[in-house]
There are 2 protein chains.
Amino acid sequence: MLSNSSKYAIKGVLYLALNSNADHKVLVRDIYDTIHVPEAYLAKLLQELSRHGIISSTRGPKGGFYLSDEDRKHTLLEIVKVIDGENRLNSCVMGIRNCDMDNPCVLHKLVGGNKSKFINVLESTTILDLIDGKKGVEEFFPM
Amino acid sequence: MLSNSSKYAIKGVLYLALNSNADHKVLVRDIYDTIHVPEAYLAKLLQELSRHGIISSTRGPKGGFYLSDEDRKHTLLEIVKVIDGENRLNSCVMGIRNCDMDNPCVLHKLVGGNKSKFINVLESTTILDLIDGKKGVEEFFPM
DNA sequence: CATAAAAAAGATAAAAATATCTTTTAATCT
DNA sequence: AGATTAAAAGATATTTTTATCTTTTTTATG
């Protein structure tokens with residue numbers, strides 16, 4: 001359902017949500033170990049998210065990645081769509097042609113409901129929602 | 001969540017459920033076009049299922065793949081486990097270490113419920129359940 | 001302005017998933 | 001028994017995903 005890349009991206013954004021703001025940017029090298037994502041790969045993913053305006057970044061000294069207040073209003077689904085593309089989530093669970101919500105195949109009816117709910121959660125959950133009331137990274141990235 | 005291979009396999013088994021029995025075996029070459037799965041690849045998948053006792057087959061003239069009455073009692077989850085292995089479904093949605101149902105990470109709590117339900121459907125649905133009351137292939141594989 | 005810091009971009013590599021092709025084995029039928 | 005049929009097994013190829021490495025561009029600062 002979700003690619004590894006999307007999971008990585010969400011973990012990265014989550015870290016930024018908990019540890020950064022416009023006045024305190026963070027470097028990929030400070031993140032990757034905590035969230036268990038290869039450094040160079042994480043860099044690529046964050047760059048992609050930045051390019052799409054999901055997160056913020058500045059180059060050069062004192063630069064790094066961070067989340068503005070606006071950034072925090074983005075949903076998990078937006079992250080997933082940037083990384084995995086629209087198609088992956090929209091396609092029929094069973095990969096059957098001409099099958100969608102309106103004209104579901106038998107299998108779609110069977111498992112499609114749960115999938116829809118899964119997507120709904122991603123769509124209705126913002127970064128802010130996720131970290132609301134949480135204090136530290138430990139809670140999100142248990143060893 | 002499900003690999004393409006698993007989807008292919010389920011489609012193949014579904015076709016067998018609708019079109020075969022011990023007295024009427026079918027060849028891969030008669031299946032693949034209808035369910036839109038590459039011929040040689042489908043053959044491999046069905047062979048794997050046969051090897052694991054999920055479906056039946058015999059070689060030689062009048063041979064082919066088919067489902068015995070017993071075969072029809074297998075669940076979708078069994079098919080998925082043979083093709084994708086145990087790990088794919090059991091791993092944490094977010095790929096976070098030491099995270100499971102008992103000690104869920106924040107994201108797990110968020111989407112884990114829907115995933116569990118998805119797996120429950122696969123686990124509680126047999127091949128027989130799937131085709132119960134259905135008349136033809138068209139209903140399952142709409143063009 | 002020169003230097004250093006850090007993201008951005010581009011190129012390449014490795015691994016996994018998907019797909020095909022060839023050879024072997026087993027079953028049936030004449 | 002010999003020929004033929006079809007799955008089983010094995011080997012190879014392609015594509016996609018995941019991952020790394022190198023170069024370039026931007027920015028801050030001495």
Side-chain angles (χ1 to χ4, degrees), chain A residues 1-13 16 20 22-33 35-67 71 80 82-85 87-88 91 95, chain B residues 1-13 16 20 22-33 35-67 71 80 82-85 87-88 91 95:
Chain A
M1 203 93 102
L2 289 188
S3 71
N4 259 310
S5 296
S6 273
K7 293 175 187 176
Y8 288 172
I10 291 176
K11 290 208 265 182
V13 173
L16 291 179
S20 80
D23 296 324
H24 182 75
K25 292 148 194 163
V26 300
L27 310 181
V28 171
R29 101 168 63 98
D30 297 329
I31 306 179
Y32 81 94
D33 196 48
I35 68 176
H36 307 111
V37 177
E39 183 172 5
Y41 197 50
L42 178 61
K44 278 286 178 194
L45 294 169
L46 293 185
Q47 280 162 26
E48 189 77 2
L49 291 176
S50 182
R51 219 162 51 77
H52 283 84
I54 307 287
I55 69 177
S56 303
S57 66
T58 57
R59 298 176 174 187
K62 299 279 169 191
F65 294 96
Y66 66 98
L67 292 192
D71 292 338
V80 172
V82 165
I83 302 299
D84 286 349
N87 222 316
R88 181 151 184 157
S91 64
Chain B
M1 203 93 100
L2 289 189
S3 71
N4 259 311
S5 296
S6 271
K7 294 176 188 176
Y8 288 172
I10 291 176
K11 291 208 266 180
V13 173
L16 291 179
S20 80
D23 296 324
H24 182 74
K25 291 147 194 163
V26 300
L27 310 182
V28 171
R29 103 168 62 97
D30 296 329
I31 306 179
Y32 80 94
D33 195 48
I35 68 176
H36 307 112
V37 177
E39 184 173 6
Y41 197 51
L42 177 61
K44 277 289 179 196
L45 294 169
L46 293 185
Q47 280 163 26
E48 189 78 0
L49 291 176
S50 181
R51 221 163 49 78
H52 282 83
I54 308 287
I55 69 177
S56 303
S57 67
T58 58
R59 298 175 174 187
K62 300 279 169 188
F65 294 97
Y66 67 99
L67 292 192
D71 292 338
V80 172
V82 165
I83 303 299
D84 287 348
N87 222 316
R88 180 152 184 158
S91 63

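In what follows, every chain begins at residue 1, and chains take the letters A, B, ... in the order their sequences are listed. Every heavy atom of this structure was used, including side-chain atoms; hydrogens, water molecules and symmetry mates were not.
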Engineer: Would the base of D:dA7 count as contacting B:K44 through its side chain, where contact means a donor and an acceptor less than 3.5 Å apart?
Structural biologist: no

Engineer: Tell me: OH of B:Y66 to C1' of D:dA6, nearest whole Å?
Structural biologist: 14 Å

Engineer: Between A:V13 and A:L67, which heavy-atom pair has the shortest distance, and what is it?
Structural biologist: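 That closest heavy-atom pairing would be O-CD1, 3.8 Å.
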
Engineer: Under a 4.5 Å cut-off applied to non-hydrogen side-chain atoms, are A:I31 and A:L46 in contact?
Structural biologist: yes

Engineer: What nucleotide, of C:dA19, C:dA7, D:dT20, holds the atom closest to the side chain of A:P38?
Structural biologist: D:dT20

Engineer: Going by number, which of residues 46-54 of chain B have a non-hydrogen atom under 4.0 Å from DNA chain C?
Structural biologist: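 Within this stretch, nothing sits under 4.0 Å of the strand.
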
Engineer: Please give me the minimum heavy-atom distance between A:H52 and A:V82, naming the atom from each residue.
Structural biologist: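 Closest approach of A:H52 to A:V82: ND1-CG1, 3.6 Å.
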
Engineer: Describe the nucleic acid contact of A:V37 in one word from base, sugar-phosphate, nothing, applying a heavy-atom distance below 4.0 Å.
Structural biologist: nothing

Engineer: Look for any protein N or O under 3.5 Å of an N or O in nucleotides 26-29 of chain D and output each such pair with its distance, or none.
Structural biologist:
from: D:dT26; atom 1: O4'; to: A:R59; atom 2: NH1; distance (Å): 2.7

Engineer: Quick one: do the B:S5 and B:Y41 side chains pair a donor with an acceptor below 3.5 Å?
Structural biologist: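 The criterion, which ignores hydrogens and geometry beyond distance, is satisfied for B:Y41 and B:S5.
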
Engineer: Provide, to the nearest angstrom, the distance between the CG atom belonging to B:D30 and the C1' atom belonging to D:dA7.
Structural biologist: 14 Å

Engineer: Do you know which two heavy atoms are closest between B:F65 and B:S20, and how far apart they sit?
Structural biologist: O-CB, 4.1 Å

Engineer: So does B:S5 get a side-chain nitrogen or oxygen closer than 4.0 Å to the phosphate oxygens (OP1/OP2) of C:dA17?
Structural biologist: no

Engineer: Within the 4.0 Å heavy-atom criterion, would you say B:K25 contacts the bases, only the backbone, or no part of the nucleic acid?
Structural biologist: nothing

Engineer: What is the separation between atom CD1 on A:I55 and atom C1' on C:dA7, rounded to the nearest whole Å?
Structural biologist: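 One finds 11 Å between C1' of C:dA7 and CD1 of A:I55, rounded.
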
Engineer: Grab the OH-P distance between B:Y41 and D:dT14 for me, whole Å please.
Structural biologist: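 The distance from OH of B:Y41 to P of D:dT14 comes to 17 Å, rounded to the nearest Å.
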
Engineer: Output yes when at least one side-chain N/O atom of B:R29 is less than 4.0 Å from OP1 or OP2 of D:dA7, else no.
Structural biologist: no

Engineer: Using whole Å, what does the distance between atom P of nucleotide C:dA19 and atom NE2 of B:H36 come to?
Structural biologist: 14 Å

Engineer: Kindly determine whether A:L16 and A:D71 satisfy side chain to side chain contact (heavy atoms under 4.5 Å, CB included), including the steps that lead there.
Structural biologist: CA-CA 10 Å; A:L16 291 179; A:D71 292 338; over 6 Å; no

Engineer: Rounded to whole Å, how long is the line connecting atom NZ of B:K7 with atom P of C:dA17?
Structural biologist: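 Distance check: B:K7 NZ to C:dA17 P gives 14 Å.
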
Engineer: Is a side-chain N or O of B:S6 found less than 3.5 angstrom from the main chain of B:I83, in a donor-acceptor match?
Structural biologist: no

Engineer: So, do A:K25 and A:K62 sit near enough that their side-chain heavy atoms are less than 4.5 Å apart?
Structural biologist: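 No, every pair of side-chain atoms sits at 4.5 Å or beyond.
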
Engineer: Using whole Å, what does the distance between atom C1' of nucleotide C:dT18 and atom CG of B:L42 come to?
Structural biologist: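 After rounding, the gap between these two atoms is 13 Å.
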
Engineer: For B:P38 and B:Y32, work out which heavy atoms get closest and say how close.
Structural biologist: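 Looks like C-CB, 4.5 Å.
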
Engineer: Whole-Å distance between C:dT20 C1' and B:Y8 OH?
Structural biologist: 13 Å

Engineer: Identify which nucleotide among D:dT20, D:dA7, C:dA8 has an atom closest to any side-chain atom of B:S57, counting heavy atoms from C-beta outward.
Structural biologist: D:dA7

Engineer: Would you say the side-chain atoms of B:S3 and B:Y8 include a donor-acceptor pair closer than 3.5 Å?
Structural biologist: no

Engineer: Name the closest nucleotide to the B:L27 side chain, picking from D:dT18, D:dA7, C:dA7.
Structural biologist: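 For B:L27, the side-chain atoms sit closest to D:dA7.
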
